[in-house]
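These numbers were taken from a predicted model, which means no experiment stands behind them. As a basis for the values below, the full set of heavy atoms in this structure was taken, side chains included, without hydrogen atoms, waters or symmetry mates.
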Amino acid sequence: MNATTAEQASAPVTQDALRSVLLAGEWPSRPGPVLTSLTFGWRALLKIKHVPEQLVDVTMFPIMFTLMFTYLFGGALAGSTQEYLQFLLPGILVQANVMITMNTGITLNTDIQKGVFDRFRSLPVWRPSPLVGALLGDVVRYSIGSAIVITLGLVLGFRPEGGAVGVVLSVALLLVFSFCLSWLWTMLSLILRTPNSVAGVSMMVMFPLTFVSNIFVDPKTMPGWMQAVVEVNPITHLATVVRGLMDGSVPAGEIGWVLVSSVLLVAVFGPITMVLYRNKK
């Protein structure tokens, strides 16, 4: 290093010199809502890669419920396990997906307890992107669970009369509803203080919704007062749509009901979630 270079290195950096360096190149544009949401969705998938135990509820529980209800209760409820499987599998597909949505709130609450979301809120990104990204990542989990249930059903003898088109449409509608339902658990994750409390409250909500429905049995076999409860259950309408699409019929009125209920879930719980997220301390 010569004398001139040493002198330049020791000279103080002026404000004009610093500004000229910073303005020498073109600044990158600020990422938009879609890009930031997809980035956080990729983060959710990487968490599954590093902690594959998160897929236990996606893989093992649907298999257990399908086998248990088909072979333990199929003969008693329908007289034939194969006949009952045709009725049961669309319902199990619904139950598996809506139960999986509870993991969204548990995961978010864990991030909150670790202080990760405080860092997210300080980033110059679209404010809802950490929440939307986490929900988008969970859509992949719902897809995995759906594929497992359908594959198992085909192996056991389930034959959807609606063909591949009916199966794809039913799964697509189910993913939409599951994504919208996840906003409820996201809201709870911002209210409750621990992941265990989120899991407990979620189970208290989901168990009545899934079991007091038409997932496992025809409501006609129930008492009148319970039939009335089952008929207003959104899970009942969802199971009816999935079952109808897989059977080859298109229950247009029920599809509209499911889409409206999905929009209402986001319209009600989405804004509440964002207010809680913005004011979270």
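- Every side chain to side chain donor-acceptor pair (under 3.5 Å) that Ser197 has, sequence neighbours left out, goes to Thr194.
- Pro90 and Met246 make their closest contact through CG-SD, 3.9 Å (heavy atoms, listed as atom of the first residue, atom of the second, distance).
- Between Phe269 and Thr186 there is no side-chain heavy-atom pair separated by less than 4.5 Å.
- Evaluation of the salt bridge (charged side-chain N to carboxylate O under 4.0 Å, His left out) test over residues 97-110, restricted to residues two or more places apart or in two chains, returns none.
- The list of side chain to side chain donor-acceptor pair (under 3.5 Å) pairs with a residue in residues 159-173, not counting sequence neighbours, is empty.
- The distance from atom CD of Gln227 to atom OG1 of Thr236, rounded to the nearest 0.5 Å, is 11.0 Å.
- Atom CZ of Phe216 is surrounded by more than 12 heavy atoms from other residues, nucleotides or ligands within 6.0 Å.
- Atom CG of Leu136 sits about 9.5 Å away from atom CG of Leu45, to the nearest 0.5 Å.
- By the side chain to side chain donor-acceptor pair (under 3.5 Å) test, Thr81 pairs with no residue at all, sequence neighbours left out.
- Ser202 approaches Val198 most closely through the heavy-atom pair OG-O, 2.6 Å.
- In the hydrophobic clustering of this structure, Val275 does not group with Leu265; members are Ile, Leu, Val, Met, Phe, Trp, Tyr whose side-chain heavy atoms approach within less than 4.5 Å, directly or through other members.
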Verify side chain to side chain contact (heavy atoms under 4.5 Å, CB included) between Trp185 and Leu108, making sure each step is shown before the conclusion.
-> CA-CA 9 Å; Trp185 317 129; Leu108 289 177; over 6 Å; no
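- Residue Ile92 holds its CD1 atom at 11.5 Å from CE of Met64, rounded to the nearest 0.5 Å.
- Linking Ile, Leu, Val, Met, Phe, Trp and Tyr residues whenever their side-chain heavy atoms come within less than 4.5 Å leaves Val168 and Phe179 in two separate clusters.
- In this structure the side chain of Leu173 never reaches within 4.5 angstrom of the side chain of Val242, judged on heavy atoms.
- Ring-plane geometry between Phe69 and Phe73 is classed as tilted, the angle between the planes lying from 30 to 60 degrees on a 0 to 90 degree scale.
- A 4.5 Å side-chain heavy-atom check between Met274 and Leu131 finds at least one atom pair inside the cut-off.
- For residues 133-158, the set of pairs meeting the salt bridge (charged side-chain N to carboxylate O under 4.0 Å, His left out) definition, not counting sequence neighbours, comprises Asp57-Arg141, Asp138-Arg141.
- Taking the ring-ring contact (aromatic ring centres under 6.0 Å, His included) definition, one finds that Tyr71 meets it with nothing, sequence neighbours left out.
- Applying the salt bridge (charged side-chain N to carboxylate O under 4.0 Å, His left out) definition to pairs two or more places apart or across chains, none involves residues 202-217.
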Do Gln95 and Phe65 pass the side chain to side chain contact (heavy atoms under 4.5 Å, CB included) test, and can you show the C-alpha distance, the side-chain angles, and the key distance before you say yes or no?
-> CA-CA 9 Å; Gln95 186 205 36; Phe65 271 102; 3.7 Å; yes
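- In terms of the side chain to side chain donor-acceptor pair (under 3.5 Å) criterion, residue partners of Asn103 (sequence neighbours excluded) are, by chain and number, Thr107.
- Residues Val171 and Ile150 form a side-chain contact, since some pair of their non-hydrogen atoms from C-beta on lies under 4.5 Å apart.
- Smallest separation of non-hydrogen atoms from Thr66 and Thr70: O-OG1, 2.6 Å.
- By the 4.5 Å heavy-atom criterion applied to side chains, Leu156 and Leu67 are counted as neighbours.
- Distance check: Met226 CE to Thr221 OG1 gives 10.0 Å after rounding to the nearest 0.5 Å.
- A heavy-atom distance below 4.5 Å is found between the side chains of Leu135 and Trp183.
- Taking the six-membered ring for Trp, Phe117 and Tyr277 have ring centres closer than 6.0 Å.
- With sequence neighbours excluded, the residues that form a ring-ring contact (aromatic ring centres under 6.0 Å, His included) with Phe40 are Phe120.
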Under the side chain to side chain contact (heavy atoms under 4.5 Å, CB included) criterion, do Phe177 and Val98 qualify, and how do the steps go?
-> CA-CA 8 Å; Phe177 183 87; Val98 297; 4.2 Å; yes
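- What you find for Val230 and Pro219 is that their closest heavy atoms are CG1-CG, 3.8 Å.
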Taking distance alone, no hydrogens or angles, what donor-acceptor pairs closer than 3.5 Å link side-chain atoms of residues 254-264 to residues at least two apart or in another chain?
| from | atom 1 | to | atom 2 | distance (Å) |
| --- | --- | --- | --- | --- |
| Glu254 | OE1 | His237 | ND1 | 2.7 |
| Ser261 | OG | Trp257 | O | 3.2 |
| Ser261 | OG | Val258 | O | 2.7 |
| Ser262 | OG | Val258 | O | 2.8 |

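- Residues Leu35 and Trp126 fail the side-chain proximity criterion, which asks for heavy atoms closer than 4.5 Å.
- The side-chain heavy atoms of Ile272 and Leu276, taken from C-beta on, include a pair separated by under 4.5 Å.
- Not counting sequence neighbours, the partners of Arg43 by the salt bridge (Lys or Arg N to Asp or Glu O under 4.0 Å) test are Asp111.
- Note on Trp225: it clusters hydrophobically with Val217, by side-chain heavy-atom contacts below 4.5 Å among ILVMFWY residues.
- Remark: the backbone N or O of Lys220 is paired with a side-chain donor or acceptor of Asp218 at under 3.5 angstrom.
- Residue pairs meeting the salt bridge (charged side-chain N to carboxylate O under 4.0 Å, His left out) criterion with at least one member in residues 226-242: none, sequence neighbours excluded.
- With 3.5 Å as the limit, one finds a donor-acceptor pair spanning the side chains of Arg119 and Ser122.
- The distance from atom CE of Met99 to atom CE of Met203, rounded to the nearest 0.5 Å, is 4.5 Å.
- Remark: side-chain polar atoms of Asn233 are not paired, donor with acceptor, to backbone N or O of Val229 under 3.5 angstrom.
- Side-chain atoms of Asn214 do not come within 3.5 Å of backbone N or O of Ala239 as any donor-acceptor pair.
- Across all their heavy atoms, Val149 and Pro62 have their closest contact at CG2-CB, 3.4 Å.
- Looking only at distances, a side-chain donor or acceptor of Arg243 sits under 3.5 Å from a matching main-chain atom of Ile215.
- Follow the hydrophobic side-chain contacts under 4.5 Å out from Val205 and you reach Val268 in the same cluster.
- Val176 and Ile100 fall into different hydrophobic clusters, where Ile, Leu, Val, Met, Phe, Trp and Tyr are joined by side-chain heavy atoms under 4.5 Å apart, directly or via other members.
- Note that CG of Leu152 and CG of Leu85 are 8.0 Å apart. Values are rounded to the nearest 0.5 Å.
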Begin from the C-alpha positions of Tyr142 and Thr101 and carry the test side chain to side chain contact (heavy atoms under 4.5 Å, CB included) through to its verdict.
-> CA-CA 8 Å; Tyr142 308 152; Thr101 61; 3.5 Å; yes
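- Listed here is the closest heavy atom pair of Gly74 and Tyr84: CA-CD2, 3.3 Å.
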